Amino acid sequence: QVQLVESGGGSVQSGGSLRLACETSRRTVCEAWFRQAPGKEREGVATIRNDGISRYADSVKGRFTISQDNAKNTLYLQMNNLKPEDTAMYYCAAGTPGRFDIDGTCRPLGDQFNYWGQGTQVTVSS
């Protein structure tokens, strides 16, 4: 079992920044951030392999950065230039999938991850 605890959500104005953190009880091969807004499907925001190879949704490329601190067993999501459409509940996830995507990245699909955090709310006002 892997326990995940998120922190760092909050309310911010458009153009602002937030950093989400996810403390994990142990590392897995793939870790990720997902988000879900009311009435919308869950979206894979970013994934990262345990060797640092990362992948981003087109909607956040250039604005969000996923990173790991192995000494602290913590996953981060730095979010800059936030927009109202980034408003959602954000979840960290961890797992060891059977294979990577063709480009070697962890696939941003929910069924690839066995362990989930409780979520942290991010609200961006215009």
Side-chain angles (χ1 to χ4, degrees):
Q1 282 289 337
V2 179
Q3 282 74 48
L4 307 171
V5 180
E6 299 111 332
S7 61
S11 297
V12 65
Q13 288 191 329
S14 183
S17 298
L18 284 172
R19 187 175 78 157
L20 305 183
C22 175
E23 188 172 352
T24 69
S25 59
R26 66 174 175 87
R27 310 318 297 267
T28 56
V29 173
C30 291
E31 294 177 341
W33 289 96
F34 287 80
R35 67 185 180 186
Q36 188 165 22
K40 294 188 177 181
E41 292 187 357
R42 183 174 57 192
E43 176 188 19
V45 175
T47 68
I48 188 165
R49 271 174 37 169
N50 54 4
D51 58 1
I53 294 177
S54 59
R55 172 176 178 166
Y56 297 91
D58 288 342
S59 58
V60 306
K61 278 181 184 175
R63 300 188 298 122
F64 290 12
T65 303
I66 189 171
S67 63
Q68 299 166 317
D69 185 331
N70 291 326
K72 296 181 179 179
N73 270 7
T74 302
L75 175 72
Y76 298 101
L77 185 68
Q78 177 67 44
M79 305 185 293
N80 298 329
N81 191 21
L82 282 160
K83 304 175 181 181
E85 51 264 43
D86 295 317
T87 295
M89 186 72 79
Y90 283 70
Y91 300 89
C92 63
T96 300
R99 61 183 179 91
F100 300 121
D101 209 341
I102 193 170
D103 60 359
T105 62
C106 299
R107 294 183 292 172
L109 302 174
D111 62 6
Q112 300 294 298
F113 297 89
N114 307 98
Y115 309 103
W116 294 82
Q118 80 286 356
T120 186
Q121 178 68 37
V122 171
T123 302
V124 185
S125 57
S126 58

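For clarity, every value in this text was computed on a predicted model and none was experimentally measured.
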Engineer: Is there a donor-acceptor pair closer than 3.5 Å between any side-chain N or O of D103 and the backbone N or O of T105?
Structural biologist: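 Yes, the answer is positive, given that a donor and an acceptor are paired below the 3.5 Å cut-off.
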
Engineer: Which heavy atom of G110 sits nearest to which heavy atom of R42, and what is that distance?
Structural biologist: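 Looking at all heavy atoms of both residues, the closest pair is CA-NH2, 3.5 Å.
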
Engineer: Can you find a pair of side-chain heavy atoms, one from R55 and one from D101, that are under 4.5 Å apart?
Structural biologist: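 Counting from C-beta outward, R55 and D101 do come under 4.5 Å.
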
Engineer: To the nearest 0.5 Å, tell me how far S67 OG sits from L77 CG.
Structural biologist: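 Taking OG in S67 and CG in L77, the distance rounds to 8.0 Å.
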
Engineer: Would you please name every residue forming a side chain to side chain contact (heavy atoms under 4.5 Å, CB included) with N80, sequence neighbours left out?
Structural biologist: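 For N80 the side chain to side chain contact (heavy atoms under 4.5 Å, CB included) partners, ignoring immediate neighbours, are S17, Q78.
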
Engineer: Within this structure, what is the CD-OG1 distance for the pair Q112 and T96, rounded to the nearest 0.5 Å?
Structural biologist: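 Atom-to-atom, Q112:CD and T96:OG1 are 11.0 Å apart.
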
Engineer: Output every pair passing ring-ring contact (aromatic ring centres under 6.0 Å, His included) with a member in residues 28-56, not counting sequence neighbours, ordered by first then second residue.
Structural biologist: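 Residue pairs passing ring-ring contact (aromatic ring centres under 6.0 Å, His included), neighbours aside: F34-F113, F34-W116.
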
Engineer: Any chance you could measure N114, atom CG, to C30, atom SG, to the nearest 0.5 Å?
Structural biologist: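 Answer for the CG-SG pair, N114 versus C30, is 10.5 Å.
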
Engineer: What pairs meet the ring-ring contact (aromatic ring centres under 6.0 Å, His included) rule with one or both residues in residues 86-112, with sequence neighbours excluded?
Structural biologist: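 Residue pairs with at least one partner in residues 86-112: there are none.
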
Engineer: Go through the structure and list residues passing salt bridge (charged side-chain N to carboxylate O under 4.0 Å, His left out) with K40, not counting sequence neighbours.
Structural biologist: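 Listed in chain order: nothing, the list is empty.
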
Engineer: Between I66 and S54, which heavy-atom pair has the shortest distance, and what is it?
Structural biologist: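 Closest approach of I66 to S54, heavy atoms only: CG2-CB, 3.7 Å.
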
Engineer: Which heavy atom of T123 sits nearest to which heavy atom of Q121, and what is that distance?
Structural biologist: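 T123 and Q121 have their closest heavy atoms at OG1-NE2, 3.4 Å.
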
Engineer: Just grab all the salt bridge (Lys or Arg N to Asp or Glu O under 4.0 Å) pairs involving residues 13-33, residues at least two apart or on different chains.
Structural biologist: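 For residues 13-33, and leaving out neighbouring residues, the salt bridge (Lys or Arg N to Asp or Glu O under 4.0 Å) pairs sorted by first residue read R27-E31.
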
Engineer: Donor-acceptor pair, distance only, cut-off 3.5 Å: does the side chain of T87 make one with the backbone of V124?
Structural biologist: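 Yes; at least one donor-acceptor contact below 3.5 Å.
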
Engineer: If I take atom CE from residue M89 and atom OG1 from residue T120, how far apart are they, to the nearest 0.5 angstrom?
Structural biologist: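 M89 atom CE to T120 atom OG1 measures 7.5 Å (nearest 0.5 Å).
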
Engineer: Mind checking what makes side chain to side chain donor-acceptor pair (under 3.5 Å) contact with T28, not counting sequence neighbours?
Structural biologist: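 T28 satisfies side chain to side chain donor-acceptor pair (under 3.5 Å) with no residue once adjacent residues are dropped.
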
Engineer: Taking all atoms of both residues into account, what is the closest heavy-atom pair of A94 and L4, and its distance?
Structural biologist: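 It is N-CD1, 3.9 Å.
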
Engineer: Return the set of residues passing salt bridge (charged side-chain N to carboxylate O under 4.0 Å, His left out) with D69 (not counting sequence neighbours), or none when no residue passes.
Structural biologist: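 None.
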
Engineer: Could you tell me which residues satisfy side chain to side chain contact (heavy atoms under 4.5 Å, CB included) with Q13, sequence neighbours excluded, listed by chain and number?
Structural biologist: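 For Q13 the side chain to side chain contact (heavy atoms under 4.5 Å, CB included) partners, ignoring immediate neighbours, are S125.
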
Engineer: Any salt bridge (Lys or Arg N to Asp or Glu O under 4.0 Å) pairs touching residues 85-94, not counting sequence neighbours?
Structural biologist: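 Listed by first then second residue: R35-D86, R63-D86.
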
Engineer: Pairs in or reaching into residues 107-119: which pass salt bridge (Lys or Arg N to Asp or Glu O under 4.0 Å), with residues at least two apart or in two chains?
Structural biologist: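 Every pair satisfying salt bridge (Lys or Arg N to Asp or Glu O under 4.0 Å) with a residue in residues 107-119: there are none.
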
Engineer: Measure the CG-OG distance between L82 and S14 for me, rounded to the nearest 0.5 Å.
Structural biologist: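 So the CG of L82 and the OG of S14 are separated by 8.0 Å.
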
Engineer: Quick check: closest heavy atoms across E43 and A57, and the distance to 0.1 Å?
Structural biologist: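 For E43 and A57, the tightest heavy-atom pair comes out as OE2-CB, 3.9 Å.
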
Engineer: Tell me the salt bridge (Lys or Arg N to Asp or Glu O under 4.0 Å) pairs involving residues 116-126, sequence neighbours left out?
Structural biologist: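 For residues 116-126: none.
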
Engineer: Under the ring-ring contact (aromatic ring centres under 6.0 Å, His included) rule, what pairs show up with a residue in residues 58-89, not counting sequence neighbours?
Structural biologist: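 Residue pairs passing ring-ring contact (aromatic ring centres under 6.0 Å, His included), neighbours aside: none found.
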
Engineer: Considering non-hydrogen atoms only, spot the tightest contact between C92 and L75 and give its length.
Structural biologist: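 That would be CB-CD2, 4.2 Å.
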
